[in-house]
**Student:** 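Below is one structure. I have some questions about it.
Every value quoted in this text rests on a predicted model; they were computed, and no experiment measured them. One-based numbering along the sequence shown.
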Amino acid sequence: MSRVAVMGTGSWGTTFAVVLADAGSKVTMWGRRPQVCEAIAGRHENPDYLPGLELPHTVTADPDPAVALDGADIVVLAVPAQTLRTNLAVWKPLIGPSAVTVSLMKGVEKGTLKRMSEVIGEVLEIGPERNAVVSGPNLAAEIAARQPTATVVACTDHDTAEQVAAACSAPYFRPYTNHDVIGVELSGAVKNVIALAVGMVEGMGLGDNSKASIITRGLAEITRLGVALGAEPATFAGLAGMGDLVATCASPLSRNRTFGVHLGQGMTVDEVVAITNRTAEGVKSTGAILGLAREHGVDMPIAEAVTGVVNGEVPLSELAGSLLSRARKSELA
């Protein structure tokens with residue numbers, strides 16, 4: 001039985017803890033709010049994020065990171081992307097020297113433009129062989145309801161990828177392994193920006209042709225950026241690429257799509273945060289993703305347009321035209 005620490009008690013972290021427990025692991029979660037940890041440990045529920053779901057009794061939680069990380073073979077990181085570096089600096093002395101880290105986060109760090117696995121490796125001073133990523137069509141509410149889905153566990157080391165895949169292989173949750181960490185990780189981060197765009201045109205009242213065009217050209221943008229950074233093109237046609245993009249852009253359960261719908265209806269970012277009490281990861285990472293594209297000379301007009309709207313630099317009335325504003329050329333270019 002694996003001993004797993006899940007650092008973060010949000011919806012996806014809690015859902016993944018359920019998956020790990022159903023797969024046979026013993027899980028201790030860490031959360032910054034003691035009342036949430038008490039609900040998980042004492043009542044086996046997380047009413048703030050997954051109300052009505054009974055958590056397995058092999059899942060507990062504690063607000064002390066030392067308790068959560070004690071003896072953990074696998075450390076799952078499920079905090080907001082922009083807080084990862086600060087949290088890791090605190091947790092570093094508590095993480096075992098042979099523990100494997102798993103990133104559930106789908107973002108790019110502001111300022112450094114680093115992917116989450118790069119931040120983990122840098123702060124914890126560990127090699128890529130101990131640093132895995134999980135990504136795919138991961139709508140938390142559906143997985144928490146134990147609806148069948150597949151995902152990708154990516155690591156440059158095959159044995160580590162297999163270790164993590166075995167730890168989260170539940171009857172309804174099928175992990176596939178992949179060595180292309182760059183492609184898997186970028187797919188998860190950039191699809192959030194594309195989902196914001198799809199939500200915006202939905203909120204503006206535009207139809208399925210517009211949304212399908214953005215999803216398809218969005219996949220092209222993700223692929224261009226990924227290949228420029230050294231990813232393998234085939235990754236973007238798989239679960240972490242097309243699979244996650246379709247789920248995030250099409251489902252009303254998607255936080256980024258829903259956030260985009262509100263923006264498309266004319267609300268500001270601050271107004272959406274006020275009514276939802278949370279910020280979608282794509283909003284926080286869009287500038288960093290665009291910066292990464294510019295640094296590598298990659299054309300990403302959809303990401304450019306979304307960043308402009310989020311920053312208040314592009315009027316919503318100009319959004320539809322700017323989303324597909326790339327100069328006319330071959331579809332395959």
**Student:** Which is it for Asn138 and Thr151 under the side chain to side chain donor-acceptor pair (under 3.5 Å) test, yes or no, and what are the steps along the way?
**Tutor:** CA-CA 7 Å; Asn138 299 143; Thr151 198; 3.3 Å; yes
**Student:** Atom CZ in Arg294, atom CG in Leu225: separation rounded to 0.5 Å?
**Tutor:**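 So the CZ of Arg294 and the CG of Leu225 are separated by 13.0 Å.
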**Student:** Could you grab the distance from atom CG of Leu239 to atom OG1 of Thr149, nearest 0.5 Å is fine?
**Tutor:**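 Here the interatomic distance stands at 7.5 Å.
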**Student:** Distance check, rounded to the nearest 0.5 Å: Lys191 atom NZ versus Arg257 atom CZ?
**Tutor:**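 Rounded to the nearest 0.5 Å, the NZ-CZ separation comes out at 13.0 Å.
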**Student:** How many angstroms lie between CG in Leu219 and CG in Asp244, if you round to the nearest 0.5 Å?
**Tutor:**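 So the CG of Leu219 and the CG of Asp244 are separated by 11.5 Å.
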**Student:** What's the shortest heavy-atom distance between Ile289 and Ala189, and which atoms?
**Tutor:**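 Of all heavy-atom pairs spanning Ile289 and Ala189, the closest is CD1-O, 3.6 Å.
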**Student:** Sequence neighbours excluded, which residues qualify as ring pair (Phe, Tyr, Trp, His ring centres under 6.0 Å) partners of His179?
**Tutor:**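 Partners of His179 by the ring pair (Phe, Tyr, Trp, His ring centres under 6.0 Å) criterion come out as none, since no residue qualifies.
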**Student:** Walk me through whether Leu69 and Val75 qualify under side chain to side chain contact (heavy atoms under 4.5 Å, CB included).
**Tutor:** CA-CA 7 Å; Leu69 291 165; Val75 177; 3.7 Å; yes
**Student:** Please check if atom CZ in Arg33 has more than 12 non-hydrogen atoms from other residues, nucleotides or ligands closer than 6.0 Å.
**Tutor:**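 Yes, the 6.0 Å shell around CZ holds more than 12 heavy atoms from other groups.
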**Student:** Would you say the side-chain atoms of Ser2 and Asp73 include a donor-acceptor pair closer than 3.5 Å?
**Tutor:**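 The criterion, which ignores hydrogens and geometry beyond distance, is not satisfied for Asp73 and Ser2.
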**Student:** Tell me if the CD atom of Glu313 is crowded by more than 12 foreign heavy atoms within 6.0 Å.
**Tutor:**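 More than 12 within 6.0 Å, yes.
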**Student:** Please go through Leu139's hydrophobic cluster and name the other residues, only I, L, V, M, F, W, Y counting, with side-chain heavy atoms under 4.5 Å joining them.
**Tutor:**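 Joined to Leu139, directly or through intermediates: Leu253.
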**Student:** To the nearest 0.5 Å, how far apart are CG in Asn131 and OG in Ser103?
**Tutor:**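 Result: 7.5 Å between the selected atoms.
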**Student:** Flag the pair Arg3 and Asp70 as a salt bridge only when some basic side-chain nitrogen lies within less than 4.0 angstrom of an acidic carboxylate oxygen.
**Tutor:**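 Result for this pair is no, no salt bridge flagged.
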**Student:** Only one of Lys284, Arg85, Lys114 passes salt bridge (Lys or Arg N to Asp or Glu O under 4.0 Å) with Glu109; say which it is.
**Tutor:**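 The passing option is Arg85.
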**Student:** If two hydrophobic side chains count as joined below 4.5 Å and joins carry through other members, does Ile74 share a cluster with Ile126?
**Tutor:**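 No.
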**Student:** Just checking, is any N or O donor in the side chain of Thr307 or Thr286 under 3.5 Å from an acceptor N or O on the other one?
**Tutor:**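 Side chains of Thr307 and Thr286: pair found under 3.5 Å.
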**Student:** Quick one, Cys37 with Asp62, criterion side chain to side chain contact (heavy atoms under 4.5 Å, CB included). Give me CA distance, side-chain angles, the key distance, then yes/no.
**Tutor:** CA-CA 5 Å; Cys37 293; Asp62 199 285; 5.7 Å; no
**Student:** Just checking, is any N or O donor in the side chain of Thr160 or Glu129 under 3.5 Å from an acceptor N or O on the other one?
**Tutor:**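 On atom types as modelled, these side chains do not qualify, holding no pair under 3.5 Å.
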**Student:** Can you list every salt bridge (Lys or Arg N to Asp or Glu O under 4.0 Å) pair that touches residues 160-178, not counting sequence neighbours?
**Tutor:**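 Non-adjacent pairs meeting salt bridge (Lys or Arg N to Asp or Glu O under 4.0 Å): zero.
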**Student:** Please name the pair of heavy atoms, one in Leu186 and one in Leu292, separated by the smallest distance, quoted to 0.1 Å.
**Tutor:**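 Looking at all heavy atoms of both residues, the shortest contact is CD2-CD2, 4.1 Å.
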**Student:** Please step through side chain to side chain contact (heavy atoms under 4.5 Å, CB included) for the pair Leu206 and Lys211, ending with a clear verdict.
**Tutor:** CA-CA 8 Å; Leu206 301 180; Lys211 288 178 278 188; over 6 Å; no
**Student:** In terms of side-chain geometry, is the basic nitrogen of Asp22 or Arg146 positioned less than 4.0 Å from the acidic oxygen of its partner?
**Tutor:**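 A salt bridge links Asp22 with Arg146.
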